[in-house]
Amino acid sequence: MSVRTRFAPSPTGLLHVGGARTALFNWIYARKHAGVFVLRVEDTDHSRNTQEARQVILDGLHWLGLDWDEGPQKGGSFGPYYQSERNHIYEEYLSRLEKGGHLYEDHGAIRFRSPREKVILQDEICGRIEFDLTNPGTHPDITLRRPDGSWIFHFVNVVDDIEMKISHVIRGEDHLSNTPKHIELYKALGAEPPRFAHMPLILNRDGSKMSKRDEGAALGSYPEQGYAPEAVRNYLCLLGWSPKDNREMISISEVIALFELNQINRRNAAFDLAKCFWLNGQYLLQMDLARYTELAIPFLEKAGISWPSYESLEQVLAIVKPKLKLLRDLPEWVIPFFTEEFPYDKESVAKSLQGNDRGESGSARLEALSTAFAELPLWNASALETSLKETAIKLGVKTGELVHPARVAASGRSVGPGLYEMLEILGPERTLIRFAAGAIKAIA
RNA sequence: GACCCUAUCGUCCAGUGGCCUAGGACACUCCCCUUUCACGGGAGUAACACGGGUUCGAAUCCCGUUAGGGUCGCCA
């Protein structure tokens with residue numbers, strides 16, 4: 001049997017991380033078995049079903065690198081892939097149920113008469129579960145169609161999974177209790193039910209239900225903040241699944257190779273943004289410069305930063321890259337390299353340039369440094385370091401007493417990349433001008 | 001309320017009867033490295049929900065209790 005999985009989101013205006021993880025596991029499973037991953041948009045009757053809302057889903061999946069083989073923008077043999085365009089199919093299936101005597105009308109709505117049996121589900125993750133549907137009081141007949149003609153989820157979902165020949169339904173555990181009803185529908189339609197795999201849900205750190213407004217809930221917030229998609233994807237893989245060898249960083253190809261549905265943890269997982277943040281830092285650190293630059297550019301453009309050439313941009317990013325965990329923070333770190341209009345942090349100026357009654361000495365130190373640097377035959381990091389340390393000895397102060405004022409004078413900030421690398425890139429002219437300006441600030 | 005799922009450090013995972021005085025990671029604390037911030041290295045705090053069984057032996061199996069989550073829609 002060929003594997004066909006699907007992700008069937010509803011366009012609500014945002015892609016929830018829980019949904020993203022469901023999509024991810026479906027995608028992984030399809031890739032592992034050289035199968036097909038289908039994207040189907042369940043947009044039956046919602047007013048909030050807008051083009052923008054649909055786009056959020058597509059963008060989110062694209063960002064995570066989850067390419068679908070059939071679906072919107074892609075086509076496929078079982079389309080259309082928007083439920084709103086599949087009316088004729090639902091009509092056909094409904095009449096089949098009708099002919100089979102499975103339907104009845106109730107206040108204009110069409111309902112499915114349950115056969116009232118015990119239903120056994122052999123779930124790939126949860127194991128064997130027996131549901132007793134014999135009591136109509138506790139398990140009422142489900143509605144398939146509203147009086148206004150619109151369709152109910154349970155029906156169209158099952159019809160589409162049959163039509164699209166879905167072999168494995170991998171979805172959130174919130175559907176577990178609905179599954180026996182779905183199985184009844186499959187049987188009434190004479191279709192073999194797919195394999196089901198119900199994944200545990202994602203909760204907040206405190207164990208409460210994760211709602212749309214909770215931090216980290218919207219997938220769209222990750223690209224905005226400067227997370228690398230590979231890092232978020234890695235984090236999501238580890239929520240409920242593990243390679244069993246204590247690895248935290250794992251490539252997606254390895255996940256695909258090792259992944260098994262029955263190894264998915266059955267316990268709900270709490271979402272820990274701090275760990276995702278850390279993992280992002282690890283990815284950024286190990287990422288090659290070209291990829292890093294690619295990810296960085298949108299953030300710099302958005303901040304209105306321009307750079308003279310790609311090479312000079314890479315040069316700056318190279319020394320800043322090991323310092324940051326979120327691309328969002330990048331602009332303030334690189335501004336001093338590309339403009340003279342960079343801001344001076346008040347506290348840093350007060351502390352490192354002026355300080356108590358050190359104004360004079362801060363000024364004197366910068367001047368001494370300028371004198372030493374001006375005589376440098378070669379302007380590079382190691383020459384600058386040697387020269388600075390010699391100057392420190394000459395003045396009888398600790399290295400840091402020169403480094404800090406120099407950093408603030410050169411960049412306006414007390415944190416940043418290595419001072420010598422920074423000055424090397426800045427070059428002698430800009431460095432000396434900034435030192436002079438800093439010396440004035442020190443006594444101002 | 002009924003039904004279903006679950007229960008190991010604060011969090012994510014490892015552990016499928018003896019290798020567990022329970023391991024890794026994040027977070028937190030301290031130390032080292034260091035011009036800052038990071039990175040890296042080292043140390044530390046911290047968990048088998050509770051009660052019964054089964055067994056020579058239980059975090060691991062069974063039952064119950066409790067707790068959390070889910071479903072019970074003419075939402076998806």
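Below, read A as the first sequence line, B as the second, and so on, with proteins coming before strands; counting in each chain starts at 1.
Using atom C1' as the reference point in both B/rA25 and B/rA46, the two lie 14 Å apart (nearest Å). B/rU71 and B/rA14 are spaced 25 Å apart, taking the P atom of each and rounding to whole Å. The gap from the C1' atom of B/rG53 to that of B/rG10 amounts to 32 Å, rounded to the nearest Å. Across the P atoms, B/rC9 and B/rG51 are found 16 Å apart, a figure rounded to whole Å. Rounded to whole Å, the P atom of B/rG15 lies 15 Å from the corresponding atom of B/rC20. Nucleotides B/rC72 and B/rU65 have their P atoms positioned 25 Å apart, rounded to a whole Å. If you take atom P in B/rU21 and the same atom in B/rU60, they sit 14 Å apart, rounded to whole Å. Comparing the C1' positions of B/rA67 and B/rC50 gives a spacing of 10 Å, expressed to the nearest Å.
Distances shown here put a side-chain N or O of A/Thr143 below 4.0 Å from the OP1 or OP2 atom of B/rC74. Between A/Gln286 and the phosphate of B/rG40, there is no side-chain N or O to OP1/OP2 separation shorter than 4.0 Å. In this structure, A/Arg146 reaches the B/rA76 phosphate: one of its side-chain N or O atoms is under 4.0 Å from OP1 or OP2. Between B/rC39 and A/Lys321, no contact under 4.0 Å exists linking OP1 or OP2 to a side-chain N or O. Here A/Lys244 reaches the OP1 or OP2 of B/rA14: one of its side-chain N or O atoms lies under 4.0 Å away. A close approach under 4.0 Å does occur between a side-chain nitrogen or oxygen of A/Thr44 and OP1 or OP2 of B/rA76. Residue A/Arg407 places no side-chain N or O under 4.0 Å from the OP1 or OP2 atom of B/rC37.
Residues A/Tyr235 and A/Trp278 fail the side-chain proximity criterion, which asks for heavy atoms closer than 4.5 Å. By the 4.5 Å heavy-atom criterion applied to side chains, A/Leu284 and A/Tyr292 are counted as neighbours. The shortest distance between side-chain heavy atoms of A/Phe7 and A/Leu66 does not fall below 4.5 Å.
Between A/Trp278 atom CH2 and B/rC28 atom C1' there is a gap of 16 Å when expressed in whole angstrom units. Remark: C1' of B/rG10 and CG of A/Leu203 are 15 Å apart, rounded to the nearest angstrom. Rounded to a whole Å, the CG atom of A/Asn280 is 16 Å from the P atom of B/rA38. Taking atom CG of A/Asn157 as the reference point, atom C1' of B/rC75 lies 13 Å away to the nearest angstrom. Nucleotide B/rC39 holds its C1' atom 8 Å from the CD atom of A/Gln282, rounded to whole Å. When rounded to the nearest whole Å, the span between OH of A/Tyr344 and P of B/rU36 equals 21 Å.
Pairs passing the salt bridge (Lys or Arg N to Asp or Glu O under 4.0 Å) check and including a residue from residues 227-252 of chain A, sequence neighbours excluded, read A/Glu230-A/Arg291, A/Asp245-A/Arg247, A/Arg247-A/Glu254, A/Glu248-A/Lys275.
Nearest-nucleotide mapping onto RNA chain B: of A/Ala8 and A/Gly240, the residue sitting toward the 5' end is A/Gly240. Taking for each of A/Leu419 and A/Asp272 the nucleotide of RNA chain B with the nearest heavy atom, the 5'-most of the two is the partner of A/Asp272.
Of the candidate nucleotides B/rA38, B/rC12, B/rU35, B/rC12 has the atom nearest to the side chain of A/Ala269. With B/rA76, B/rC12, B/rG73 as the choices, the nucleotide that has an atom nearest any side-chain atom of A/Gln83 turns out to be B/rA76. When distances run from any side-chain atom of A/Ser10 to the nucleotides B/rA76, B/rG69, B/rU11, the shortest one goes to B/rA76.
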Atom pairs, protein N/O to nucleotides 2-9 of chain B N/O, distance under 3.5 Å:
unit_1	atom_1	unit_2	atom_2	d
B/rC5	O3'	A/Arg266	NH2	2.9
B/rC5	O2'	A/Glu173	OE2	3.2
B/rU6	OP1	A/Arg266	NE	2.7
B/rU6	OP1	A/Arg266	NH1	2.9
B/rU6	OP1	A/Arg266	NH2	2.0
B/rU8	OP1	A/Arg267	NH2	2.5
B/rU8	OP2	A/Arg267	NE	2.6
B/rU8	OP2	A/Arg267	NH1	2.3
B/rU8	OP2	A/Arg267	NH2	2.8

